Amino acid sequence: MQYSPKMLQDQLDKNAFHLKKKFGQNFITDENLIDSIVTKADIDKDTLVLEIGPGAGSLTCKLVQNAGQVVCFEIDTTLKDILTENLKNHQNVEIIFEDFLTADVSCVLSKYDFRKIYVVANLPYYITTPILNRIIESEIDVDKIVVMVQKEVGDRFRAKPGTRDYSSLSVYLNYYYDVKKLIDVSRNVFIPKPNVDSIVVEFTKKDRLELANRDLFFKLVRDSFTQKRKNLRNNLRSYDLDKIEKVLSKYGFDLSSRAEQLSIDIFVDIANNLN
Ligand code: SAM
């Protein structure tokens with residue numbers, strides 16, 4: 001299917017479909033942007049692509065041509081007819097009409113056997129962070145994530161220690177992935193036009209420091225950032241503070257330091273010493 005704003009709008013009208021703000025529905029209308037996302041994601045037939053929020057299927061139509069299998073999660077069941085029509089010539093796509101945040105994604109993916117798993121999506125902006133958290137905290141071994149996000153949010157993913165934007169999500173993301181901006185996207189290529197510009201960001205799996213206990217690491221990082229203005233002594237009251245202090249002192253920090261000052265390696269070192 002070739003896309004243009006008019007064709008997409010006509011199809012939505014024909015199906016009496018109304019775009020829903022509550023689901024963060026801003027559909028891509030620019031064929032060149034879709035091509036560019038799929039080309040840069042570098043997908044091949046050994047790849048299973050997980051798409052969150054296929055919408056009318058504009059990106060999905062290109063993904064199915066390149067990937068071995070595409071699995072989509074879409075919350076809006078009223079998109080069923082449009083998606084069925086637009087993907088009718090492709091066998092390698094499964095669409096699950098469920099909320100990605102509560103669906104058992106690992107169970108769905110376990111019936112497929114692919115060498116690589118990529119997440120490729122134009123994310124609903126109101127839940128960008130919960131979606132990425134869910135991907136990271138799930139047991140799914142995702143090799144690459146290529147997602148369109150709100151520009152300011154994308155910049156936060158790349159935040160370095162000591163900066164205002166550094167958060168628990170930046171620690172998780174940068175522990176697992178190298179983060180890179182791929183494309184600047186104008187707000188004019190969506191219907192409806194959002195109030196913000198977007199970027200496409202790529203996360204590529206990287207070699208990482210050994211973790212003795214992954215769950216403990218996640219909890220420690222989350223707890224350290226609970227109250228950003230408070231120091232580690234306050235946020236980590238329920239932990240063995242002597243052990244934590246010992247590790248911190250190796251790096252020139254102490255319990256009066258704040259989570260946003262600590263690099264990923266320090267969090268890993270603390271978690272491994274608490275185990
Ligand atoms: N991929 C389409 C495109 O680029 O044109 C649509 C992208 S639109 C920004 C986000 C999509 O995510 C919408 O189709 C919306 O219905 C869907 N969505 C919103 N919340 C969701 C959730 N919790 N789980 C699954 N899909 C969701």
Side-chain angles (χ1 to χ4, degrees), residues 1-12 15 17-38 40-41 43 49-67 70-87 90 93-106 108-109 118-135 138 140 145-151 153-154 182-183 185-201:
M1 185 179 53
Q2 288 288 310
Y3 256 89
S4 71
K6 183 170 181 319
M7 277 184 62
L8 179 57
Q9 191 64 63
D10 285 351
Q11 190 184 36
L12 300 181
N15 285 273
F17 178 81
H18 300 289
L19 287 149
K20 299 175 191 68
K21 209 174 169 181
K22 68 169 177 177
F23 289 146
Q25 290 179 344
N26 297 99
F27 291 177
I28 305 178
T29 58
D30 183 346
E31 184 90 16
N32 291 332
L33 173 61
I34 295 165
D35 279 343
S36 180
I37 294 171
V38 175
K40 285 184 192 274
I43 300 158
V49 174
L50 175 60
E51 186 189 9
I52 299 129
S58 41
L59 179 58
T60 325
C61 286
K62 275 272 150 47
L63 293 173
V64 290
Q65 291 170 22
N66 292 267
V70 178
V71 176
C72 306
F73 284 85
E74 173 55 64
I75 199 168
D76 187 353
T77 50
T78 67
L79 283 162
K80 212 171 223 167
D81 290 347
I82 296 176
L83 278 170
T84 307
E85 167 68 20
N86 288 345
L87 293 162
H90 298 278
V93 56
E94 177 178 6
I95 299 172
I96 295 149
F97 286 93
E98 271 184 58
D99 181 345
F100 179 77
L101 295 179
T102 51
D104 190 345
V105 183
S106 305
V108 172
L109 295 188
Y118 290 3
V119 171
V120 183
N122 171 18
L123 291 180
Y125 291 173
Y126 74 111
I127 45 167
T128 300
T129 301
I131 288 176
L132 289 171
N133 265 321
R134 193 162 163 77
I135 294 168
S138 74
I140 307 160
I145 304 173
V146 175
V147 280
M148 175 121 65
V149 297
Q150 191 179 325
K151 188 177 178 315
V153 176
L182 286 185
I183 310 170
V185 181
S186 151
R187 63 188 74 182
N188 296 319
V189 298
F190 301 95
I191 53 165
K193 179 173 155 179
N195 297 326
V196 290
D197 288 319
S198 303
I199 55 175
V200 178
V201 198

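When a ligand or atom number is given, it counts from 1 through the structure's own listing order. The model shown is predicted, which means the values in this text are computed figures rather than measured ones.
Ranking the protein heavy atoms by distance from atom 4 (O) of ligand 1 puts N122 ND2, 2.8 Å first. Nearest non-hydrogen protein atom to atom 27 (C) of ligand 1 is I75 CG2, 3.5 Å. At the shortest separation from atom 5 (O) of ligand 1 among protein heavy atoms lies I28 N, 2.9 Å. The protein non-hydrogen atom at the shortest distance from atom 2 (C) of ligand 1 is P54 O, 3.2 Å. Counting protein heavy atoms only, atom 19 (C) of ligand 1 is closest to F23 O, 3.1 Å.
From T60, atom OG1 reaches atom NE2 of H90 across 10.0 Å, with rounding to the nearest 0.5 Å.
Close approach of ligand 1 to G24 is summarised as follows: ligand atoms under 4.0 Å from at least one heavy atom of the residue are 8 (S), 9 (C), 10 (C). Applying the 4.0 Å criterion to heavy atoms of Q25 picks out, from ligand 1, the atoms 13 (C), 15 (C), 16 (O). Atoms of ligand 1 lying under 4.0 Å from at least one heavy atom of S58, given by number and element, are 3 (C), 5 (O). Atoms of ligand 1 found under 4.0 Å from any heavy atom of F73 (numbered from 1 in listed order, with element): 25 (C), 26 (N). Using a 4.0 Å cut-off to heavy atoms of D99, the atoms of ligand 1 that qualify are 22 (C), 23 (N), 24 (N).
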Please assess L50 against F100 for the test side chain to side chain contact (heavy atoms under 4.5 Å, CB included), listing each intermediate value before the final yes or no. CA-CA 11 Å; L50 175 60; F100 179 77; 4.2 Å; yes
Go through the steps for V38 and V120 under the test side chain to side chain contact (heavy atoms under 4.5 Å, CB included), then give the verdict. CA-CA 8 Å; V38 175; V120 183; 5.7 Å; no
I145 vs L132, side chain to side chain contact (heavy atoms under 4.5 Å, CB included): CA-CA, chis, key distance, verdict: CA-CA 9 Å; I145 304 173; L132 289 171; 4.3 Å; yes
Report the C-alpha distance between D76 and F17 in whole Å, list the side-chain angles of each, state the deciding distance to 0.1 Å, and finish with yes or no for side chain to side chain contact (heavy atoms under 4.5 Å, CB included). CA-CA 11 Å; D76 187 353; F17 178 81; 3.5 Å; yes
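Ligand 1 has an N or O atom lying under 3.5 Å from an N or O atom of G53, backbone or side chain. Below 3.5 Å of separation, one finds no N or O of F27 facing any N or O of ligand 1. By the 3.5 Å distance cut-off applied to N or O atoms, P124 is not counted among the residues near ligand 1. Between F100 and ligand 1, at least one N/O pair is under 3.5 Å apart.
The backbone N or O of K20 sits less than 3.5 Å from a side-chain atom of Q25, completing a donor-acceptor pair. Between the side chain of T29 and the backbone N or O of V189 there is at least one donor-acceptor pair closer than 3.5 Å. In this structure, D99 contributes its side chain and I75 its backbone to no donor-acceptor pair below 3.5 Å. Side chain of N122 to backbone of N26: a donor-acceptor contact under 3.5 angstrom is found.
For the residue pair N86 / Q11, a side-chain donor-acceptor distance below 3.5 Å is found, with atom types taken as modelled.
Taking a 4.0 Å cut-off on heavy atoms, L59 fails to register as neighbouring ligand 1. A heavy-atom separation below 4.0 Å is found between L123 and ligand 1.
The closest heavy-atom contact to atom 20 (N) of ligand 1, among the options Y126, Y125, F190, F97, comes from Y126. With K20, E51, E74, K22 as candidates, the residue nearest to atom 17 (C) of ligand 1 on a non-hydrogen basis is E74.
Note on E74 versus K80: no salt bridge recorded, every NZ/NE/NH1/NH2 to OD/OE distance being 4.0 Å or above.
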